[in-house]
Each structure stands twice: as structure tokens, then as C-alpha cells.
Amino acid sequence: MTDFTEQLRQQVAAVAAHVYQFQIEASAIKIDKTPPEFQGEYTVVIFPFVKTSRKSPEATGNEIGAALMERMPAISQYNVVKGFLNISFADEAWLNTLRDMRAEKQFGQLAATDKKVVLEYCGPNTNKPLHLGHVRNVLLGYAAANILQAAGHTVHKVNILNDRGIAICKSMVAYLRTGNNTTPASTGIKGDHFVGNYYVEYSRIADAEIQKLVAGGMTAEAAAKQAPIYLEAQEMLRKWEAGDAEVLQLWNTMNNWVYAGFQETYQRIGIDFEKEYKESEFYLKGKDLVLEGLQNGTFTKKPDGSIWVDLTADGLDEKVLLRADGTSVYITQDMGVAWQRYQDYQMDTSVYVVANEQDYHFKVLKLVMQKLHYPFANGIYHLSYGMVDLPEGKMKSREGTVVDADDLIAGMTDEAHAFLSASEKSAEFSEAEKQILAHQIGLSALKYFILKVDPRKRILFNPKESIDLHGHTGPFIQYAYARIQSIFRKLTEQQVAITDAYGSSLLPAEKELIVWLSQYPTTIALAAETYSPAEIANYIYTLAKKFNSFYADHPIAKAASVEKQNLRAAIAERTAYVLRHGLQLLGIEVPEKM
RNA sequence: GGCCCCGUAGCUCAGUGGAUAGAGCAUCUGCCUUCUAAGCAGAGGGUCACUGGUUCGAAUCCAGUCGGGGUCACCA
């Protein structure tokens, strides 16, 4: 371990037991990073000890500090300010830390655990293209999976395709009416957009028909249920459930168009899945589980034949699990899919990346599975994230305010391209290189913009204001990395050999970077525990910031001595490594030059 | 109405029991004849929604109030 925190905890606990006969769990000891205005790297909060020490905070701090120095030779000095014991480790200790970090081939990959995680994300409906909400979902899901993996767990990324139901039937009906046997290939329209257009077309037709009925004297509510196209969609759904060959064929064809479109978007955005579950394949299994629960008395049947679970004892309501006609509801399908996943993976934890509007649903799902005593029930975890709102509020497809994922990616790429072309570096890159760079930088801006925010919080996105390329952004971090690569290109050119002879002393700015770098593994562990990519995002931003500041007034390739050159090159190399590693955890690519 | 989440600088966000609450954007001032200025250094900008409580110590925990969002469908 590169970080001294754990050792310090152990030793402080031992000192407390020894000197004050005060038994305290090492994990309960509060150790912070020392704020910059004080001397030291770690601060032990000593207030908890004064009760048993029966001395002033200052005296207690000094006593503990002195005892620590005896136990840990790496400590060079300490000071006490009010109730805070600030501890400095010797330069030599930090130089060794740097050597350790350099020697660790997979720095940032924590020791393997035996925990198996299945992480579900994306979860699109197959009747329209992906939008801004999916973008937050997939960025979060992909990053969380990477982080869990880095924390040592085995992770399986899976998708759930909501491929059945009335929505896709609406697209199908509209296509039959107005599609004229065109296809994505014949029109040159991306498959998901192609099908989505018919979903929009459906709404247009339905609105017109409803208006006509209302003009004929019907109430709006009744008209909505009587519109011919609506009745057609319902009929189509019945046929689908009955296994009608013609309907199934059209359904298959249109879904496959959508999948092809999704695949393209996944690729553009840089995410993937190990396996895709289709709701249509598992909703029947969910039914079996419900019936099983009915048999063993976990669920109850109402006189009309519908099956219910009573969750009032858990502070929730009664929930329907199966309709009177025996057809399944939303949760039935999730039950079936969850069961199947356990057959496939025997996971300890199932992470569901789903927006917070479904908090209630996942509470119910977990409770129901627990009541059925499935082995995976306790491991169900809903990674709930806030919605992405526009300045005027929630995105609404009816009002045409939905921000399309493909448009968004293209917009960001164009912006990065424009910036690159306008810059003085433009001449250094070929057009092909600019295309690649623009994609890397544009996506980086978008991804970082979303991932730096705590997942639970809603995000405000203003499509009219472009996402920044400067400041606290993805490109800022990419740029810090690229600058370091530039230094190493120079060093290689000049055939300078870097060794780990670093001398014996450190400047404050050098030490600060080493200390910060040493916290990386702890940060990964924390990000994994809290399922928060924002932890990584903010950590690497601070690292880039610290490095830039260091870079501005400490020459690296042109350092005054060979030892300083070695030292700073080593720091720069580890900084670049961690920046790249961290960005990759977030799903952000790292250009070598920009 | 019940339950859940959120409220920190003009704006977007960090900080979730510890010292004088931090970044970015925007505004203003400096810095490219030395490793990439997508950068660096600095200035101004705060009743941490409000009230009470717990604590040696509260933006952070608890209770209440106000404001915003979500949810409480035999929709998915």
C-alpha cells in the first residue's frame, strides 16, 4: 500500500491502548489530509482521546505524536495546532513511495476479491433512439463497471432490452400504414431513428384521429381510446402475445433495425455489453415465479384472479404482480430476468443503473425477491441517478424537447473540431488526425460534464450553451496528459535515460504530487464502495491541476541536476499514468498529442 | 396528502462530523525569446434555504418549516 493512512490508524490505536488504556477501533480513528496552510501530510484528530487522557488537546496531541515517532521511524516531525496532530513523513519515505508506485505494474488495480457483480445499464425501449437520459445512464453504468473491476471485483455488464409492449406496436402500426415497404437501407436512415420516426408518425395520426372524434362530439378521454390507430395497436399487441407469425416477423424486423442503430451509437460513445437480455424472452419466467410464490403462500390471489404481494408491513403498498387475465406487469419481467441472471452468473451483487424515478419500483423488486428467499435478493442494488433536465424542465417527446444521443455526440465532436481547426496547432494535424482528436475531445467534454456530478443529483443541461473545453473539464485533464507525453517525446529524442536515483530531498510541490498520487488506490476503493465515478473524476481533476501548477515553475527535462530530472520525470510519468488510468475508468480516451 | 431525493458564490458543481467552506464558468489584472497558454499566478464574489436540537466541534447528524423534483398505475 502506498498510502500511510492505514498504518497510522493502527499505530494511533496502539498508542491509545498503551498510553491511555483506551480501546479504540483503528477504523474509527479520524485521519485527514493536512490542509495546505499547515505543516504535514496527515492530520490525526485528537479530540476523541482527550476524555481518557484527561489532558488538554495540545498535551494529548504532543504525547501521541511523540509516541508515534518512536513507533514509526518514517515520521520526520509533528506539530500540534489546537486539537490537530499534524504529521510529516521524511522525504526519504515519500521517495520510496514514489519508487513503490513506479514498481507496481498495475498501479490502480486493487487486489482481486471473490465478489461477482452483474451490472445492468442502458435499458432502452426498442421503439425509438437513445436520448440524453440514456447517455447519463450508459456513462454512469460503464464507468461504475470499470471502477468495480479496478476495485478487484468480477463484473459482468449486461443490457436489458424492453422489446415488447404497446410502444413498439405503435411504431409497427404506423409503419404498416405509411411505410411503403421502405427500410433503413433504402432510405439511408439509421435504424433506430427510422423506427422512431414511425413512433412519432403514430402520435401524429392518433392526434388527428382523436381530434376528428372530438369534433364529432366525443370526449377527449373516450376519443383517445377509440381512435382507430390506437385500436389497431392494441390488436397488434394481442396478436403478438398470441404468437401471430406475421406480426412476429414484422416485430423482429423492426427490432433488428433498432438494434443495428443502437449498436452504432454504443460504438460511437464507447460502451459495450457482455450480454443483452430481452424482456420478451423472460416475462414468462417471471410469471412462473409469481405462481410459485402464490403456491407457497407468499402472495395472495384476489377474487378477480389477479395476484398481489402485501408490502404494507414494509411501509409500502400492496402491489399487483399478475393481472386478472394472467398477463404480466412491469415487475413480473424484472423478476424473470433477475432469476435468469442468477442462473447465468451466480452473482453476489446485482447493480441496476436506472433513473431515480424508479426508486419505488426497485424497493418493491428487492422486497419481493427477499420474500421469495432467492439467494441473490439481498445483493440487489439500485444505482439510482438523477434525471437530466433542460432549462425548461423535463424532456418531453411530445413537445419535441428530447435531446437525441447521436445529435449530441455529433454536436460535441463538431465543436471540438472547430476549436482545433481555429487553433494555432491546426497545422500540426492532418484532417484524419483532427477527426479522431475531435471525437476524443468532444466526447471527453460530454462524458466528464456528466460524470463529475454526484450520480444522485439531477443535472441541468442547456443544449443552447455548448459544453466547455476549458477549466474543470475532460479536455483539461487530457491536455495535462498530452503535455507530459510531449516531455517524454523530448527526453526520448535527446536519449536521456531516466533512473530512479532521485537524490534525497523534496521540494514542497514535488512532495505534494507524490502524496496526492499515493491516494489513488484509496480513491478507487471509495469510488467502488459508493458507486460514484464522480470520486474518480474529481480526484484526477485535482491531480491535473496540481501537476499544471507544478509544471509552470519546475522544469522537468531541463531540471538543474540529473537527480532532479530523474525525480520530476518519475513524478510526471506516474501522474500521466494515473491520469490515463482514471480517464479510462470514466470511459474517456486519452490522446497522446493535442 | 404519504414516502423518497435535492437546496452551498451571478451560473454549473466539489466538500457529508474537524482548522479561516473550495473549484470551474462569467467579470477584472498580470504571464508565451526555456518542456504544448485547452495552461499558470492573482482580485472581487458566501446568512452553506430557514428555525431549533445533539456535539468539545455542524454546510455535514436529528426534528420541524419553506422551496424544487420524483413517486404513490392491472404504463413500461
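Computation of the quantities below employed the complete heavy-atom set of this structure, encompassing side-chain atoms and omitting hydrogens, waters and symmetry-equivalent molecules. Each chain gets a letter, A, B and so on, in the order the sequences are listed, and its residues count up from 1.
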With distance as the sole criterion, do the side chain of [X] and the base of [N] form a donor-acceptor contact below 3.5 Å?
| X | N | result |
| --- | --- | --- |
| Asn538(A) | C13(B) | no |
| Lys425(A) | A38(B) | yes |
| Lys593(A) | U36(B) | no |
| Ser423(A) | A38(B) | no |
| Asp163(A) | A76(B) | no |

When the distance from [atom1] of [X] to [atom2] of [N] is rounded to whole Å, what number comes out?
| X | N | atom1 | atom2 | value |
| --- | --- | --- | --- | --- |
| Ile46(A) | G57(B) | CD1 | C1' | 13 Å |
| Asp359(A) | A73(B) | CG | P | 16 Å |
| Asn548(A) | G24(B) | CG | C1' | 14 Å |
| Lys287(A) | C74(B) | NZ | P | 17 Å |
| Ile536(A) | A14(B) | CD1 | P | 15 Å |
| Lys452(A) | C11(B) | NZ | C1' | 12 Å |
| Phe461(A) | C25(B) | CZ | P | 19 Å |
| Tyr199(A) | C75(B) | OH | C1' | 10 Å |

Looking at [Y], is its backbone amide N or carbonyl O close enough to the side chain of [X] to form a donor-acceptor pair, meaning the two atoms are under 3.5 Å apart?
| X | Y | value |
| --- | --- | --- |
| Asn162(A) | Gly123(A) | yes |
| His439(A) | Ile436(A) | no |
| Asp454(A) | Arg456(A) | yes |

* Is Phe38(A) stacked on the base of A19(B), meaning ring centres closer than 5.5 Å and planes within 30 degrees of each other? -> yes
Write down the distance separating the [atom1] atoms in [N] and [M], rounded off to the nearest Å.
| N | M | atom1 | value |
| --- | --- | --- | --- |
| G67(B) | G24(B) | C1' | 26 Å |
| U12(B) | G45(B) | C1' | 15 Å |
| U16(B) | U60(B) | P | 13 Å |
| G46(B) | A14(B) | C1' | 15 Å |
| C61(B) | C5(B) | P | 11 Å |
| G44(B) | G22(B) | C1' | 16 Å |
| U71(B) | C11(B) | C1' | 29 Å |
| G10(B) | A73(B) | P | 41 Å |

Pairwise distance [atom1]([X]) to [atom2]([Y]) - rounded to 0.5 angstrom:
| X | Y | atom1 | atom2 | answer |
| --- | --- | --- | --- | --- |
| Ile380(A) | Leu365(A) | CD1 | CG | 4.5 Å |
| Lys287(A) | Thr327(A) | NZ | OG1 | 6.5 Å |
| Tyr198(A) | Met254(A) | OH | CE | 7.5 Å |

Just checking [X]: base, sugar-phosphate only, or nothing, at a heavy-atom cut-off of under 4.0 Å?
| X | value |
| --- | --- |
| His382(A) | nothing |
| Ser486(A) | base |
| Asp454(A) | sugar-phosphate |
| Asp389(A) | nothing |
| Ile556(A) | base |
| Thr327(A) | nothing |
| Phe47(A) | base |
| Ala557(A) | base |
| Ile166(A) | nothing |
| Val453(A) | sugar-phosphate |
| Gln478(A) | nothing |
| Ile459(A) | sugar-phosphate |

Checking contacts here: which listed nucleotide ([options]) is nearest the side-chain heavy atoms of [X]?
| X | options | answer |
| --- | --- | --- |
| Glu357(A) | U71(B), C4(B), A76(B) | U71(B) |
| Leu460(A) | U36(B), C13(B), A76(B) | C13(B) |
| Thr43(A) | C72(B), G39(B), A19(B) | A19(B) |
| Val320(A) | C4(B), C74(B), C6(B) | C74(B) |
| His470(A) | G18(B), G69(B), A38(B) | A38(B) |
| Met594(A) | G69(B), A19(B), A38(B) | A38(B) |
| Tyr330(A) | A76(B), U36(B), C35(B) | A76(B) |
| Ala552(A) | C6(B), C40(B), U71(B) | C40(B) |
| Tyr551(A) | C4(B), U36(B), C6(B) | U36(B) |
| Asn86(A) | A19(B), A41(B), A76(B) | A19(B) |

* Cation-pi geometry met for Lys366(A) and Tyr352(A) (6.0 Å, 45°) -> no
* Asked: Within 45 degrees of the axis of the six-membered ring of Tyr283(A) and under 6.0 Å from its centre: does Arg164(A) put its NZ or CZ there?
  -> yes
Going by purine N1 to pyrimidine N3 plus the second Watson-Crick contact, or the G-U wobble pair, all under 3.5 Å, which nucleotide sits opposite [N]?
| N | answer |
| --- | --- |
| A9(B) | none |
| A41(B) | U29(B) |
| A59(B) | none |
| G1(B) | C72(B) |

* Centroid-to-centroid, Tyr541(A) to Tyr448(A), below 6.0 Å? -> no
* To do: With RNA chain B as reference, determine whether Phe84(A) or Trp308(A) sits nearer its 5' end, using the nearest nucleotide of each.
  => Phe84(A)
* Structure fact -> Comparing Phe476(A) with Arg489(A), nearest RNA chain B nucleotide closer to 5' gives the residue Arg489(A)
* **Pair Asp325(A) + Arg323(A), salt bridge at N-O below 4.0 Å** => no
* For C5(B), glycosidic torsion class - syn if within 90° of 0, otherwise anti -> anti
